[in-house]
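One structure below.
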Amino acid sequence: MKVFTLLASLLVADVAVVAAQGTIVPHKPSGDLNGSNFTYPFPLHLYKFTSQQQQLEMAFMDVAPTSAPNNKTAILFHGNFFCGATWNQTIHVLAGIGYRVIVPDHIGYCKSTKPVGYQFSVAQLATNANTLLQTLGIGNVTVVGHSFGGMLTFRYGLMFPNSVDEMVVINAIAMEDYTAKGVPYLTIDANYASSLQSTFASIQSYENTTYYVGQWEDAYDVWVQMVIDVFYGSKRDAFNFNQAQIIDVVLTQPIAHEFANVIPPVLLMIGEKDTTAIGKAWSPPSVAATLGNFTALALDVSAQLPNCTLFTFPDLGHAPHISDPARFSAALVEWLLTGAINANDV
Ligand SMILES: *[C@@H]1O[C@H](CO)[C@@H](O)[C@H](O)[C@H]1NC(C)=O
Ligand SMILES: *[C@@H]1O[C@H](CO)[C@@H](O)[C@H](O)[C@H]1NC(C)=O
Ligand SMILES: *[C@@H]1O[C@H](CO)[C@@H](O)[C@H](O)[C@H]1NC(C)=O
Ligand SMILES: *[C@@H]1O[C@H](CO)[C@@H](O)[C@H](O)[C@H]1NC(C)=O
Ligand SMILES: *[C@@H]1O[C@H](CO)[C@@H](O)[C@H](O)[C@H]1NC(C)=O
Ligand SMILES: *[C@@H]1O[C@H](CO)[C@@H](O)[C@H](O)[C@H]1NC(C)=O
Ligand SMILES: *[C@@H]1O[C@H](CO)[C@@H](O)[C@H](O)[C@H]1NC(C)=O
Ligand SMILES: CC(=O)N[C@H]1CO[C@H](CO)[C@@H](O)[C@@H]1O
């Protein structure tokens with residue numbers, strides 16, 4: 001075990017030297033960038049780097065603290081159908097308590113490259129974020145991730161435990177092994193064909209049920225429009241194919257068997273009314289019925305994680321940071337400042 005750890009860290013160090021040769025350039029926050037024309041709330045930068053023999057660009061925001069610096073950095077991983085921009089309120093909260101906040105769009109999403117022929121993996125996306133941080137000269141980070149970004153946060157913590165101060169995971173997908181529980185494999189081609197059918201109404205309806213427990217507010221429209229403009233934007237084909245590749249990643253690269261190995265402290269924040277489960281839609285009813293019970297998953301996963309604080313929102317769905325930012329922020333800040341959450345405070 002010790003030898004393996006040493007080897008692993010040598011390999012990681014090796015990779016970092018090569019990949020940290022990427023460059024950072026500024027970019028104006030509006031206009032079409034790799035298929036997204038959404039205007040971001042903070043200035044954008046492009047991390048240009050080589051991965052899998054391709055020149056890639058990862059767009060990210062880099063926000064300075066707005067109060068006395070705590071000399072810590074947070075990196076925020078968005079989920080599917082969301083972009084870095086969706087973290088706006090959380091960015092304000094974290095910068096407000098002294099964090100520098102780095103907010104990338106993952107490769108394949110939003111304002112980052114939609115590569116053709118790229119082998120997507122959770123480990124590759126985690127590595128891309130790690131080399132971005134190295135190129136910026138940032139050491140330890142607090143990693144915050146939602147949904148697919150939560151799955152990515154777990155992988156990041158497993159791969160880079162020595163540079164993670166703590167992790168905050170919000171309604172992560174893949175807290176159960178979908179394939180092991182009986183979700184049939186659907187090919188990338190089939191998922192691509194299905195992704196191309198996405199409309200404003202289909203995404204709104206899906207999010208209404210799973211993200212917001214049927215309580216839609218006009219303020220959520222902007223996030224649907226943001227992603228539907230990518231679905232129909234200048235990188236339409238590549239984006240839809242990348243979306244299909246991501247589903248393949250989620251189904252074939254489970255994290256659910258590794259929670260006991262997560263070393264950094266974790267704040268697990270769970271909207272219990274969430275029912276998200278990748279593949280539930282094409283699973284037999286007997287399988288579908290066993291998937292996406294976030295009350296059960298929260299208890300199960302928090303018991304496996306060596307150092308976990310579980311905070312639940314009994315009345316909320318998949319996106320508590322969007323549906324109740326005040327309650328979400330109060331809990332988040334209290335945990336980051338004290339390592340615990342007193343239910344009476346939030
Ligand atoms: C952050 O770093 C600055 C400069 O080194 C130092 O003056 C300050 O005390 C540090 N703040 C904290 C909270 O550690
Ligand atoms: C971002 O969040 C801040 C603080 O909540 C808010 O004042 C601002 O209007 C938001 N900006 C955008 C572009 O949504
Ligand atoms: C970075 O994080 C590791 C692992 O949590 C910790 O041991 C180390 O002290 C941290 N380094 C700094 C400079 O805070
Ligand atoms: C959201 O779901 C609720 C409950 O099913 C429904 O009444 C409402 O019309 C839906 N809103 C939208 C925008 O789809
Ligand atoms: C953004 O892109 C979408 C899809 O191409 C387009 O319909 C929309 O008009 C664009 N919006 C702006 C402000 O350019
Ligand atoms: C979800 O899990 C909880 C906790 O195990 C259980 O009490 C509840 O009945 C389950 N709900 C469904 C719909 O299966
Ligand atoms: C668990 O994490 C907290 C920070 O949230 C830390 O203070 C504590 O020492 C950790 N406990 C163990 C056993 O590592
Ligand atoms: C792969 C790709 O399309 N990259 C583009 C991303 O956006 C930048 C800035 O407009 C272009 O220079 C890249 O070609």
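First listed ligand is number 1; within each ligand, the first listed atom is number 1. Hydrogens, waters and symmetry mates play no part in the numbers below; they use all other heavy atoms, side chains included.
Taking a distance limit of 4.0 Å, we find that atom 12 (C) of ligand 1 is approached by some protein heavy atom. Within 4.0 Å of atom 9 (O) of ligand 1, not a single protein heavy atom is present. Of the protein's heavy atoms, at least one falls inside 4.0 Å of atom 2 (O) of ligand 5.
Atom 7 (O) of ligand 5 has its closest protein heavy atom at D229 OD1, 4.3 Å. For atom 6 (C) of ligand 2, the nearest protein heavy atom (residue, atom name, distance) is N88 ND2, 4.1 Å. Of all protein heavy atoms, the one closest to atom 5 (O) of ligand 2 is Q89 CG, 3.5 Å. Remark: minimum distance from atom 14 (O) of ligand 5 to any protein heavy atom is reached at N37 ND2, 3.2 Å.
For ligand 1, one of its N or O atoms has an N or O atom of N71 under 3.5 Å away.
The residue A68 has no part lying near ligand 1, judged by heavy-atom distances below 4.0 Å.
Classified by interplanar angle (parallel below 30°, tilted 30° to 60°, perpendicular above 60°), the ring pair F81/F231 is tilted.
Counting heavy atoms from C-beta on, the side chains of Y99 and V141 never come closer than 4.5 Å. Side-chain contact between L196 and R236 is present, with heavy atoms from C-beta onward closer than 4.5 Å. Considering only heavy atoms from C-beta on, I102 comes within 4.5 Å of L136 through its side chain.
For F120 and Y118, the gap between ring centers is short of 6.0 Å.
Heavy-atom proximity to P69, at under 4.0 Å, picks out these atoms of ligand 1: 11 (N), 13 (C).
Of the N and O atoms on the side chains of D237 and Y192, at least one donor lies less than 3.5 Å from an acceptor on the other residue.
Residues I263 and V169 are members of separate hydrophobic clusters, defined by side-chain heavy-atom contacts under 4.5 angstrom among Ile, Leu, Val, Met, Phe, Trp and Tyr.
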